[in-house]
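Worksheet: one structure, shown below.
Order of the sequence lines sets the chain letters (A, B, ...), proteins ahead of strands, with each chain counted from 1. Heavy atoms only: backbone and side chains are in, while hydrogens, waters and symmetry mates are out.
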Protein chains: 2
Amino acid sequence: MSKTHPNVIADHLEEMILEGTFADNDRLDEVQLAKRFSVSRTPIREALQRLTQAGLAERIPRRGVFVRQPGAIELLEMFEVMAELEAAAARFAAQRISDAALKELVDTNEECERALQDKDADRYYRANERFHQIIYAQSGNSFLEAEATRLHRRLKPFRRLQLRLRGRLRQSMSEHESILKALSDGDPETAANVTRQHIAVQGDKFHHLIATLKTAAE
Amino acid sequence: MSKTHPNVIADHLEEMILEGTFADNDRLDEVQLAKRFSVSRTPIREALQRLTQAGLAERIPRRGVFVRQPGAIELLEMFEVMAELEAAAARFAAQRISDAALKELVDTNEECERALQDKDADRYYRANERFHQIIYAQSGNSFLEAEATRLHRRLKPFRRLQLRLRGRLRQSMSEHESILKALSDGDPETAANVTRQHIAVQGDKFHHLIATLKTAAE
DNA sequence: AGTCAAGTTTTTGTATACAAGGTCTACGCA
DNA sequence: TGCGTAGACCTTGTATACAAAAACTTGACT
């Protein structure tokens with residue numbers, strides 16, 4: 001592998017962790033990674049620190065850094081917070097969204113629809129992601145946008161799971177419609193509530209999630 | 001200064017930045033800090049990286065790291081998000097709070113009251129902080145608790161300002177009462193809304209905030 | 001055989017050396 | 001005098017050397 005910058009290394013490792021290349025509690029060996037990326041330990045340590053800061057790994061003093069995959073409970077907690085952040089973004093967006101963005105949102109949702117009919121999961125995920133990203137941006141709050149994006153990214157590998165969990169994509173689509181309506185109506189409360197419901201994982205789905213996680217782990 | 005660990009150094013620098021020891025855009029000189037803390041540049045660089053990750057400073061490649069004090073807009077954005085996180089915590093807490101915690105919350109609020117009557121600002125701030133911390137914890141979501149605490153900490157130096165901004169502490173106290181009532185009633189919606197109002201900086205206060213910031217900067 | 005301890009090896013953490021790019025000064029030239 | 005540029009000087013970024021702590025191995029003793 002060619003010599004590369006620490007940020008790139010961190011991105012790379014982050015990607016690997018998020019994609020599940022490493023198992024939970026795997027140790028990230030500094031010299032091994034140094035060889036792997038053809039750099040010295042110094043930039044590797046920098047990258048590892050970034051990962052620990054992001055919560056993707058944990059550094060135990062004098063023992064090393066270990067990847068930290070979230071368990072079922074932590075995952076639920078993260079989804080709960082995600083739901084609130086998205087709800088907040090939708091609340092603000094209902095008051096602040098531009099006509100252009102609203103149109104873009106409609107287009108994106110139609111793209112979702114088409115991808116769904118074509119059974120093109122990949123395209124659906126991309127469009128879905130853009131749908132949410134537009135709402136973050138239209139919250140008119142770049143700090144919120146950044147935080148939401150960060151958490152969204154962190155949860156990305158589990159989104160697929162969440163969708164399967166929710167049952168059918170159909171329902172997700174109709175929720176999008178409700179969000180869209182609330183936004184174009186300029187109704188912050190409804191926008192927030194509908195969005196929260198859209199993201200949240202509640203009640204009986206909890207057990208389903210745990211079961212799915214266990215299956216995935218084996 | 002005695003030789004100390006990078007985390008301690010980072011905490012120290014963080015404290016200094018938050019307390020306003022450094023001005024915006026000040027460069028954090030590696031060798032200077034190394035001398036100051038009697039360590040080599042390596043642990044200093046680690047500490048600086050932590051600061052940049054936390055958003056308290058920015059690293060410009062090949063130029064150094066510079067402290068980033070939030071401007072008025074960013075500050076408002078952060079308060080907006082803080083309001084939403086607190087509202088979310090209150091929403092969950094209304095459903096999950098324990099009797100013991102509820103009692104503790106009442107006690108803490110009374111402590112606020114007493115401190116207010118004694119005009120003991122310091123004690124008031126401590127009690128106020130505990131009040132909010134209890135709500136975070138009682139959200140029953142440790143991820144949310146951690147995120148809220150993180151942002152709370154970041155906004156700490158501006159809270160004083162926010163209170164002055166809101167007018168009188170009296171109002172803050174009566175808002176606490178409303179929150180308390182909603183929590184003991186187990187009413188999530190009200191708890192969330194009241195809390196959001198409690199934290200939020202809206203409308204005309206905006207200009208006031210900017211003016212106050214400018215004064216503080218001179 | 002099992003356990004404990006001393007020594008060896010491995011690994012992290014810190015210091016220092018070196019390389020590469022950026023800044024600043026001083027001098028030449030219009 | 002003002003501007004541009006060459007070169008010295010700093011500063012950051014990376015590699016390597018060294019120190020200290022943990023893990024592992026081996027062997028002695030019960």
Side-chain angles (χ1 to χ4, degrees), chain A residues 1-18 20-70 150, chain B residues 1-18 20-70 150:
Chain A
M1 176 150 311
S2 73
K3 186 171 167 179
T4 152
H5 302 284
N7 280 331
V8 180
I9 295 172
D11 286 346
H12 205 255
L13 289 175
E14 191 174 321
E15 200 61 25
M16 290 173 84
I17 292 176
L18 290 178
T21 310
F22 300 110
D24 191 31
N25 267 63
D26 272 6
R27 180 165 139 269
L28 296 172
D29 190 272
E30 295 183 0
V31 300
Q32 205 172 305
L33 291 172
K35 268 187 222 149
R36 185 96 161 281
F37 289 98
S38 306
V39 292
S40 78
R41 277 175 52 221
T42 310
I44 294 293
R45 283 178 63 86
E46 240 175 76
L48 290 182
Q49 207 203 334
R50 230 194 69 180
L51 293 185
T52 60
Q53 291 278 326
L56 276 69
E58 187 179 356
R59 144 161 276 131
I60 300 176
R62 291 278 174 199
R63 325 233 6 215
V65 342
F66 300 83
V67 335
R68 183 137 157 33
Q69 298 284 11
R150 189 168 62 90
Chain B
M1 175 150 311
S2 72
K3 186 171 167 178
T4 154
H5 302 286
N7 280 331
V8 180
I9 295 172
D11 285 347
H12 205 257
L13 288 175
E14 192 174 320
E15 200 61 27
M16 289 173 86
I17 292 176
L18 290 178
T21 310
F22 299 109
D24 192 31
N25 267 60
D26 272 6
R27 179 166 139 269
L28 297 172
D29 190 272
E30 294 182 0
V31 300
Q32 205 171 304
L33 291 172
K35 269 186 221 149
R36 185 96 163 281
F37 289 98
S38 306
V39 292
S40 78
R41 278 176 51 221
T42 312
I44 295 292
R45 283 177 63 84
E46 238 174 78
L48 290 182
Q49 206 204 333
R50 230 194 68 180
L51 293 186
T52 59
Q53 289 282 331
L56 277 67
E58 189 181 354
R59 143 161 279 132
I60 300 177
R62 291 277 174 200
R63 323 239 353 219
V65 342
F66 300 84
V67 335
R68 274 266 162 278
Q69 298 285 8
R150 189 168 62 90

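For the side-chain hydrogen bond (donor to acceptor under 3.5 Å, both in side chains) test, residues two or more places apart in sequence or in another chain that qualify with A:Arg150 are A:Glu147, B:Glu147.
In this entry the distance linking CD of A:Gln32 with C1' of C:dT10 reads 13 Å, nearest Å. Nucleotide D:dT12 holds its C1' atom 14 Å from the NE2 atom of A:His5, rounded to whole Å. In this entry the distance linking CD1 of B:Ile60 with P of D:dG13 reads 11 Å, nearest Å. Here C:dT12 presents its C1' atom at 16 Å from CD of A:Glu58, a figure rounded to the nearest Å. Going from atom CG of A:Leu33 over to atom P of C:dT12 covers 10 Å, rounded to whole Å. Taking atom CZ of residue A:Arg59 and atom P of nucleotide C:dT14, one finds them 9 Å apart after rounding to whole Å.
Taken residue by residue, residues 42-54 of chain B places heavy atoms nearer than 4.0 Å to DNA chain C at B:Thr42, B:Pro43.
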Distances under 3.5 Å only, N/O to N/O: pair up the protein atoms with those of nucleotides 8-11 of chain D.
unit_1: D:dT11; atom_1: O3'; unit_2: B:Arg27; atom_2: NH2; d: 3.0

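Applying side-chain contact (heavy atoms from CB on, under 4.5 Å) to B:Val67 and the options B:Thr21, B:Asp26, B:Leu13 leaves one that passes, B:Asp26.
Put simply, the side chain of B:Gln49 gets close to the backbone of A:Glu46: a donor and an acceptor are under 3.5 Å apart.
Neither side chain, A:Arg68 nor A:Asn25, offers a donor N or O lying under 3.5 Å from an acceptor on the other.
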**OP:** Applying salt bridge (charged side-chain N to carboxylate O under 4.0 Å, His left out), run through A:Arg59 and A:Glu30 and close with a yes or a no.
**Re:** CA-CA 12 Å; A:Arg59 144 161 276 131; A:Glu30 295 183 0; 3.6 Å; yes
Subject >> Trace of the side-chain contact (heavy atoms from CB on, under 4.5 Å) decision for A:Phe66 with A:Ile60 >> reply: CA-CA 8 Å; A:Phe66 300 83; A:Ile60 300 176; 3.9 Å; yes
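Residues B:Val65 and B:Ala57 approach most closely at CG2-CB, 4.1 Å, considering heavy atoms. The heavy-atom pair separating B:Gln69 from B:Asp24 by the smallest distance is N-OD1, 2.9 Å.
With distances taken from any side-chain atom of B:Arg41 to the nucleotides C:dT16, D:dA15, D:dG13, the minimum falls on D:dG13.
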